[in-house]
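Just follow the structure's listing: the first ligand is 1, and inside any ligand the first atom is 1.
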Amino acid sequence: MPTVAEILRGRTQAGFSIEVLPPLKGKGTEKLMCDIGRLMRFSPLFVNITIHHSEPVYEPAESGTLRKRFVRKRPGTVAVAAAIHNKFGVPTVPHIICQGFTPEETEYSLIDLNFLGIHDLFLLRGDNDKESLVPRELSHKHATDLIAQVNDFNRGQLIDGVTVDAPVEKFSFGVAGYPEKHAEAPNMKSDIDWLKRKVDMGAEYVITQLFYDNEHFYRFRDSVVAAGINVPIVPGLKPLSRKAQLNILPSVFGTEIPQPLVTAITEASDEDVKAIGRDHLLAQADDLARNGVPCVHFYTLGAVDTVCFVASEIFAKP
Ligand code: FAD
């Protein structure tokens, strides 16, 4: 099976990919597999599976105080990637993050994935805003550290200094980019310089943070190319479906929502918001597909109907 990087490099017209979350702890994979089955009708190029570290939850203790426990609300990234890979025969891309995991745990995931025949990864830092069971000082600090570990693993170099036979098939990986700048970056140049570092270290493609104004993406793509980054840049899109997202999305993802879209959603009835979000997604994806992107990446959480609709309008095979 070709790697995601090979698929992207070989594209002469835009395709699409999807990103799914592992089920909540205690839930089965039936609904997820059903959703992916619906999306598979439109032949996505690959499927990404997110990863989530443990988070604190507070429960009443007998003493009347609160007791803190750590829970991974969505475990199972590696297993879900393998299940999707086996069931649908589509390239799957498990995410790996620094935050909340020790390098040892990451190494075990790499060993598992190598056994499973999954060699596409998406390497990220993870969000810094939540506490995790693994203290920050025991985790890698940046995606660049994770890349270094994967590169070492590809050479047969384990984290305890032991050298083993290098895996026959090497891991290939992509990284995240930010059309509107990562929230912590002091400026766009600094953010793109770090992105270049990730690519120089071996990242073979970039998938972007979600955005609602394609002009941000085109400016970002121009700056990335001007900085000497020559890998495929894949735009990430998420449909708007609720009024509350007008406030949530800018604060969580640092994205700006264009005023005409804000006005349309604000003035619409709750029932009409989904259709407005869907039409905006369709227009964004169509414009990107006509402007040279190899692939449009859809964040599908809560949006399978909408993504199916857009995929059928733009990407369905004749
Ligand atoms: P980094 O590349 O480490 O960058 C973080 C910040 O530090 C940036 O400001 C950058 O400019 C700067 N920087 C980068 N490298 C260095 C360095 N070596 N030294 C100093 N500064 C540096 N989160 C999850 O928890 N799970 C997921 O599954 C997940 N999937 C995602 C998928 C996509 C497509 C995207 C765009 C994001 C995803 N995220 C996920 C969120 C991501 O973890 C956050 O955006 C996180 O804050 C940054 O991750 P990063 O890999 O870009 O970090």
Side-chain angles (χ1 to χ4, degrees), residues 4 8 16-23 46-55 72-78 80-81 92-101 105-106 109 120-134 136 139-151 173-211 216-217 220 223-224 227 229 231-238 249-255 293 295-301:
V4 166
L8 292 173
F16 78 104
S17 54
I18 56 173
E19 182 162 312
V20 300
L21 280 67
F46 54 93
V47 180
N48 280 43
I49 300 99
T50 60
I51 187 161
H52 306 263
H53 63 66
S54 60
E55 296 173 29
R72 269 186 87 185
K73 293 184 181 162
R74 291 183 185 271
T77 299
V78 167
V80 168
T92 54
V93 188
H95 292 189
I96 299 190
I97 53 173
C98 309
Q99 290 298 333
F101 297 89
E105 288 169 318
T106 295
S109 294
D120 278 298
L121 305 173
F122 198 67
L123 303 180
L124 298 140
R125 184 194 68 184
D127 279 321
N128 250 345
D129 57 344
K130 290 198 190 88
E131 197 187 356
S132 165
L133 186 55
V134 175
R136 293 225 167 94
S139 302
H140 289 311
K141 299 287 167 291
H142 282 285
T144 45
D145 305 316
L146 206 46
I147 294 174
Q149 181 177 357
V150 171
N151 286 340
F173 52 87
V175 293
Y178 299 85
E180 294 169 85
K181 187 181 85 56
H182 185 264
E184 294 161 37
N187 56 52
M188 198 52 143
K189 180 178 182 322
S190 157
D191 211 17
I192 290 179
D193 286 349
W194 284 117
L195 180 61
K196 181 158 183 351
R197 175 92 188 109
K198 294 193 279 191
V199 171
D200 288 345
M201 289 178 76
E204 294 187 77
Y205 60 96
V206 175
I207 302 180
T208 76
Q209 186 58 281
L210 54 83
F211 57 90
H216 289 302
F217 175 80
F220 172 72
S223 307
V224 160
I229 297 173
V231 296
I233 310 292
V234 175
L237 299 183
K238 179 177 172 62
L249 294 168
S251 81
V252 174
F253 298 104
T255 186
V293 303
C295 177
V296 177
H297 187 72
F298 292 112
Y299 298 100
T300 62
L301 177 66

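- Atoms of ligand 1 found under 4.0 Å from any heavy atom of Thr50, numbered from 1 in the order shown, are 28 (O).
- Residue-to-ligand polar distances place Thr144 within reach of ligand 1: an N/O pair is separated by less than 3.5 Å.
- Considering backbone and side-chain atoms alike, Gly126 places an N or O below 3.5 Å from some N or O of ligand 1.
- For atom 24 (C) of ligand 1, the nearest protein heavy atom (residue, atom name, distance) is Ile51 O, 3.7 Å.
- Counting only heavy atoms of the protein, atom 8 (C) of ligand 1 lies nearest to His182 ND1, 3.4 Å.
- Between His142 and ligand 1, an N or O atom pair is found at a separation short of 3.5 Å.
- Partners of His52 by ring-ring contact (aromatic ring centres under 6.0 Å, His included), not counting sequence neighbours: none found.
- Atom numbering of ligand 1 starts at 1 in the shown order; those under 4.0 Å from a heavy atom of Ile97 are 24 (C), 25 (O), 26 (N).
- Rounded to the nearest 0.5 angstrom, Leu146 CG and Leu121 CG are separated by 8.5 Å.
- Leu124 is listed as a side-chain neighbour of Phe122, based on a closest heavy-atom distance under 4.5 Å.
- The protein atom (non-hydrogen) at minimum distance from atom 40 (C) of ligand 1 is Leu124 CD1, 3.9 Å.
- Between Phe217 and Phe220, the ring planes lie tilted relative to each other; the angle falls in the 30° to 60° range.
- Ligand 1 places these atoms under 4.0 Å from at least one heavy atom of Gln209: 36 (C).
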Would you please test Asp193 and Lys189 for salt bridge (Lys or Arg N to Asp or Glu O under 4.0 Å) and show each step? CA-CA 6 Å; Asp193 286 349; Lys189 180 178 182 322; 2.6 Å; yes
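- You'll find the side chain of Val134 reaches within 4.5 Å of the side chain of Glu105, heavy atoms only.
- Comparing Leu146, Asp127, Leu195 by heavy-atom distance to atom 44 (C) of ligand 1, the nearest is Asp127.
- Shown in contact with Phe122 at under 4.0 Å from a heavy atom are these atoms of ligand 1, numbered in order with element: 32 (C), 33 (C), 34 (C).
- Looking at Tyr178, Trp194, Tyr299 and measuring to atom 52 (O) of ligand 1, the nearest heavy atom belongs to Tyr178.
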List the steps, then state whether side chain to side chain contact (heavy atoms under 4.5 Å, CB included) holds for Ile192 with Ile229. CA-CA 9 Å; Ile192 290 179; Ile229 297 173; 4.2 Å; yes
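- A distance of 8.5 Å separates OG of Ser139 from CD1 of Ile97, quoted to the nearest 0.5 Å.
- When only interatomic distances are considered, the shortest N/O to N/O separation between Ala143 and ligand 1 falls below 3.5 Å.
- Residue-to-ligand polar distances place Arg125 within reach of ligand 1: an N/O pair is separated by less than 3.5 Å.
- Proximity of Phe46 to Leu8: side-chain heavy atoms (C-beta onward) are separated by under 4.5 Å at one or more points.
- Distances from ligand 1 to the non-hydrogen atoms of Lys198 include at least one value under 4.0 Å.
- In terms of N/O distances under 3.5 Å, ligand 1 is approached by Asp191.
- In this structure, the side chains of Phe211 and Leu237 come closer than 4.5 Å at one or more pairs of heavy atoms.
- Using cut-offs of 30° and 60° on the angle between ring planes, the pair His142 and Trp194 is parallel.
- Remark: minimum distance from atom 30 (N) of ligand 1 to any protein heavy atom is reached at His95 ND1, 3.1 Å.
- Protein heavy atom at the shortest distance from atom 35 (C) of ligand 1 is Ala176 CB, 3.9 Å.
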